[in-house]
S.K.: 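Have a look at the structure that comes next, please.
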Amino acid sequence: MWLFLSSVLMATLLSGAAADSQHRSTVVLMDNVLVGTIPYKNATSHIPLTCGSAHQHKAVFWKRNGEEIQPSLLGEQVSVEVIETVGGNFSCHLSSSGDYLNHTLVLIQVNQDEERVILDDQGPGEGAIHCWASNYNGSFRCTWIRNKFRNDAYVLMVKAQRMSQALPCQWDPNGSEASCQDSACSYREEEERVSVSVYMVSSFMLEIYTKSFYLRDIVRPEAVGVHAVGGKRFQWSYPESWQRPCTFFGLAFQVKVVGGSHSCNTQHNILTAETDASSFLVDVRDANYTFCVRGQDKHTRGPWGPWSQCRMNGEHAHCGPVASHDHTRVT
């Protein structure tokens, strides 16, 4: 008898634990969006759905992605079984052909320890999200690259925060970039990191990608304005977007000279140097060469900005920023 009661008690406890675990595995992400978490790929989960308290006493009929569910799913409160990417947009109606009442988008998130497949990593130590800023005014941008097999993927939302303060962001759901704004004073020492989370959806599967950083580590000056001033001397100016006063937000510069047929990104350099000045005298014999210059925050020694150049052909100079499809990633 004692063994029987113990078995019943154990079964009750396990059932309650399972129910509690199931309850915790489903979260409301936003209005009309539920996320069910499964521990591993191909695992199943039961998601409770409700049509809404206003429809408690109505004959409610459910559809998945606009199609009737077989066997029919009836009632104001139901439970649906989902597996990995087999979530769906579940809508409730007065009957199989009746008026629409409400809907719930059900997304599935596999345990984050599992390999994620929607976005590609952007290089060693970079992760799936690349962020940068042109100055310290608090505005920054983040980009990501969809996996070539996930063309259907879209951005559900982007969240950014520093400590508990949410930072406003704008993004295109079908794009691969977000712009965010941190209103903290640019003269204040950073004590906490900014955290950016991108919520990506593909075939009702949700993956969350997160990037954390200090703003000072991602500030990358834009291209400097450079020109030849006669002979072999070059001058340049701070980028228009760089903050003033320059005595506080100072830049250091890297200059190099490459052969006329090479780009500024080549490793085949004739001359390289670093300077805090805004001019440089080139001491080379060749009359055909390219002069390159780029800036970096002199205090934080953060990322280098993109190259600007002057291509020299005898006495003729053609100056401007180096063309690039992604100048923010130039090394």
Side-chain angles (χ1 to χ4, degrees), residues 15 18-120 128 144-159 171-176 197-209:
S15 176
D20 183 59
S21 175
Q22 182 64 55
H23 176 72
R24 292 198 307 270
S25 69
T26 304
V27 297
V28 178
L29 187 61
M30 60 176 66
D31 290 346
N32 298 96
V33 179
L34 285 180
V35 178
T37 302
I38 58 176
Y40 52 87
K41 293 180 179 179
N42 298 321
T44 60
S45 178
H46 287 83
I47 308 295
L49 299 179
T50 177
C51 193
S53 58
H55 312 301
Q56 285 185 351
H57 304 295
K58 297 178 181 178
V60 174
F61 182 92
W62 289 83
K63 296 182 180 181
R64 179 182 181 273
N65 300 332
E67 301 292 335
E68 294 186 16
I69 299 174
Q70 298 296 333
S72 296
L73 199 60
L74 307 174
E76 186 271 330
Q77 295 185 12
V78 296
S79 177
V80 295
E81 185 179 61
V82 295
I83 176 172
E84 197 172 348
T85 60
V86 190
N89 191 355
F90 293 86
S91 56
C92 51
H93 307 258
L94 282 177
S95 65
S96 60
S97 59
D99 293 338
Y100 161 86
L101 299 175
N102 204 347
H103 77 278
T104 301
L105 176 63
V106 176
L107 303 176
I108 308 303
Q109 181 182 18
V110 183
N111 188 305
Q112 289 281 41
D113 293 335
E114 293 280 335
E115 180 183 3
R116 289 174 288 179
V117 298
I118 298 179
L119 298 184
D120 289 336
W144 47 89
I145 301 173
R146 292 176 177 83
N147 183 279
K148 62 182 180 180
F149 300 110
R150 298 287 173 174
N151 292 328
D152 69 320
Y154 65 91
V155 184
L156 182 65
M157 65 178 175
V158 177
K159 285 186 175 181
W171 68 95
D172 179 356
N174 295 318
S176 298
S197 295
V198 180
Y199 292 67
M200 298 296 304
V201 177
S202 174
S203 300
F204 302 107
M205 177 175 64
L206 172 70
E207 291 183 347
I208 305 173
Y209 297 82

S.K.: Mind checking what makes side-chain contact (heavy atoms from CB on, under 4.5 Å) contact with Ile108, not counting sequence neighbours?
M.R.: Ile38, Val82, Val106

S.K.: Give, for atom OG1 of Thr104 and atom CG of Leu107, the distance between the pair rounded to the nearest 0.5 Å.
M.R.: 11.0 Å

S.K.: Is it the case that more than 12 heavy atoms not belonging to Asp31 sit under 6.0 Å from its CG atom?
M.R.: no

S.K.: At what distance, to the nearest 0.5 angstrom, does CD1 of Ile208 lie from CD1 of Ile118?
M.R.: 10.5 Å

S.K.: Return the CH2 to CG distance between Trp171 and Leu156, rounded to the nearest 0.5 Å.
M.R.: 8.0 Å

S.K.: Between atom CD1 of Ile83 and atom CG of Asn42, what is the distance when rounded to the nearest 0.5 Å?
M.R.: 5.0 Å

S.K.: Could you grab the distance from atom NE2 of His93 to atom CG of Leu101, nearest 0.5 Å is fine?
M.R.: 7.5 Å

S.K.: Report all side-chain donor-acceptor pairs from residues 58-68 shorter than 3.5 Å, counting only partners two or more places apart or in another chain.
M.R.:
unit_1, atom_1, unit_2, atom_2, d
Lys58, NZ, His55, ND1, 3.4
Trp62, NE1, Gly75, O, 2.6
Lys63, NZ, Ser96, O, 3.0
Arg64, NE, Gly87, O, 2.7
Arg64, NH2, Gly87, O, 2.4
Asn65, OD1, Asn89, N, 2.8

S.K.: What heavy-atom pair brings Thr37 and Ser45 nearest, and what distance separates the two atoms?
M.R.: O-OG, 4.4 Å

S.K.: Return the minimal non-hydrogen interatomic distance between Asn111 and Pro39, and the atom names on each side.
M.R.: CB-O, 3.2 Å

S.K.: Is Leu34 close to Val28 at the side-chain level, that is, under 4.5 Å between some pair of heavy atoms?
M.R.: yes

S.K.: Taking only residues at least two apart or on different chains, which pairs with a member in residues 144-154 satisfy side-chain hydrogen bond (donor to acceptor under 3.5 Å, both in side chains)?
M.R.: Asp120-Asn147, Arg146-Ser176, Arg150-Ser202, Asp152-Ser202, Asp152-Ser203

S.K.: How about Phe90 and Ile47: do any of their side-chain heavy atoms sit closer than 4.5 Å?
M.R.: no

S.K.: Any idea which heavy atoms bring His46 and Thr26 closest together, and the distance?
M.R.: O-OG1, 4.3 Å

S.K.: Closer than 3.5 angstrom, by distance alone: can the side chain of Gln109 be matched with the main-chain N or O of Val35 as a donor-acceptor pair?
M.R.: no

S.K.: Quick check for you: to the nearest 0.5 Å, what is the distance between Cys51 atom SG and Asn102 atom CG?
M.R.: 5.5 Å

S.K.: Give a yes or no on whether Tyr100 atom OH has more than 12 heavy-atom contacts from other residues, nucleotides or ligands under 6.0 Å away.
M.R.: yes

S.K.: Please check if the side chain of Glu76 supplies one atom and the backbone of Thr50 the other of a donor-acceptor pair under 3.5 Å.
M.R.: no

